[in-house]
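Below is one structure, written out as structure tokens; comments come after it.
We number each residue from 1, following the sequence as shown.
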Amino acid sequence: MKKLFLTLALAFVGILSANAQLWMGGSIGAGITKDVTTFAIAPEVGYSFTGTPMTVAAEVDYTFLKFKGMDAEHELILKPYVRCNLTTIEKFGVFMDLTGDFGVVNNNGWAISLRPGVAWMATEHWTAAFRFAFAQYDHGMYHEANGFFLDCATLAPQFGLYYNF
């Protein structure tokens, strides 16, 4: 785990020296199904490379889980990701995130997800985004069985608000 954090730190130092635009924000998410209730809050920081459609970022996700008939669980998940902005039409954009989810507290699993989303650039500095899980390989992170999952309810949909510096 120390090597992972060191690698991420070195990557961000390299990014700081590149031509990039810093943004900070976060998202909240909630989901209710027949057997599971979830709530998540996730602050984020990222860099958008000027002149390219690419962004790198990381979020730290605190998740509250309540499974039917069981005690509530609390998890802390590190989620670094790479975003590709697919298209922009006036103030709206469509993007795809490739995300790695790594359990830090109360979860030793991991998952890799593709998360499509839609962004609304309200002003020069404020952006709102909506994203959800679309396709995922889960290794003990969110499901009991390891494998590929294709389901919009795999993770709770997230609404995020971001400030661009």
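- Proximity of a side-chain donor or acceptor of Asn85 to a complementary backbone N or O of Thr87 within less than 3.5 Å is not detected.
- Remark: Tyr163 pairs with His125, Trp126, Phe165 by the ring pair (Phe, Tyr, Trp, His ring centres under 6.0 Å) rule, at least two apart or across chains.
- Residues Ala119 and Thr127 come closest through the heavy atom pair CB-CG2, 4.1 Å.
- Across all their heavy atoms, Met121 and Gly93 have their closest contact at CE-N, 4.0 Å.
- Separation of atoms CZ (Phe148) and CD (Gln136) is listed at 10.5 Å; rounding is to 0.5 Å.
- A cation-pi arrangement is found for Arg131 relative to Tyr81, the charged atom lying closer than 6.0 Å to the ring centre and inside a 45° cone about the ring normal.
- To the nearest 0.5 Å, atoms CG (Asp138) and CG (Asn146) are separated by 7.0 Å.
- When the shell of 6.0 Å around CG of Asn108 is examined, it contains 12 or fewer heavy atoms from other residues, nucleotides or ligands.
- Ring pair His74/Tyr62 is parallel by interplanar angle, where below 30° counts as parallel and above 60° as perpendicular.
- Taking CG of Leu76 as the start and CG of Asp61 as the end, the distance is 8.0 Å to the nearest 0.5 Å.
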Chi angles and distances behind the side-chain contact (heavy atoms from CB on, under 4.5 Å) call for Thr55, Trp23: CA-CA 10 Å; Thr55 297; Trp23 54 267; 3.5 Å; yes
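- Put simply, the side chain of Asp101 never gets that close to the backbone of Lys79: no donor and acceptor are under 3.5 Å apart.
- More than 12 heavy atoms of other residues, nucleotides or ligands shown are found within 6.0 angstrom of CG on Asp35.
- Under the 3.5 Å distance criterion, the side-chain polar atoms of Lys91 are matched with a main-chain donor or acceptor of Ala122.
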Could you walk me through whether Ile77 and Val60 pass side-chain contact (heavy atoms from CB on, under 4.5 Å), step by step? CA-CA 6 Å; Ile77 302 166; Val60 178; over 6 Å; no
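- Rounding to the nearest 0.5 Å places CZ of Arg115 at 5.5 Å from CG of Asp97.
- Linking Ile, Leu, Val, Met, Phe, Trp and Tyr residues whenever their side-chain heavy atoms come within less than 4.5 Å leaves Trp120 and Val118 in two separate clusters.
- Phe95 has its side chain out of reach of Leu86: every pair of non-hydrogen atoms, C-beta onward, lies at least 4.5 Å apart.
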Give the intermediate values and the outcome of salt bridge (Lys or Arg N to Asp or Glu O under 4.0 Å) for residues Arg83 and Glu44. CA-CA 13 Å; Arg83 173 174 293 169; Glu44 296 180 47; 5.1 Å; no
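- Around the CG atom of Leu161, the shell of radius 6.0 Å holds more than 12 heavy atoms that belong to other residues, nucleotides or ligands.
- Follow the hydrophobic side-chain contacts under 4.5 Å out from Met96 and you reach Leu98 in the same cluster.
- Remark: Phe39 CZ to Ile32 CD1 distance equals 11.5 Å, nearest 0.5 Å.
- Side-chain heavy atoms closer than 4.5 Å link hydrophobic residues (I, L, V, M, F, W, Y) into clusters, and following such links, even through other members, never connects Phe64 to Met70.
- The two residues Glu59 and Ala42 come nearest to each other via the heavy atoms OE2-CB, 3.2 Å.
- Under the 4.5 Å side-chain heavy-atom criterion for Ile, Leu, Val, Met, Phe, Trp and Tyr, Met54 and Val56 are members of the same hydrophobic cluster.
- Taking all atoms of both residues into account, the shortest heavy-atom contact from Gly160 to Ser27 is CA-CB, 3.6 Å.
- Hydrophobic clustering (ILVMFWY, side-chain heavy atoms < 4.5 Å, transitive): Phe102 and Leu114 are in one cluster.
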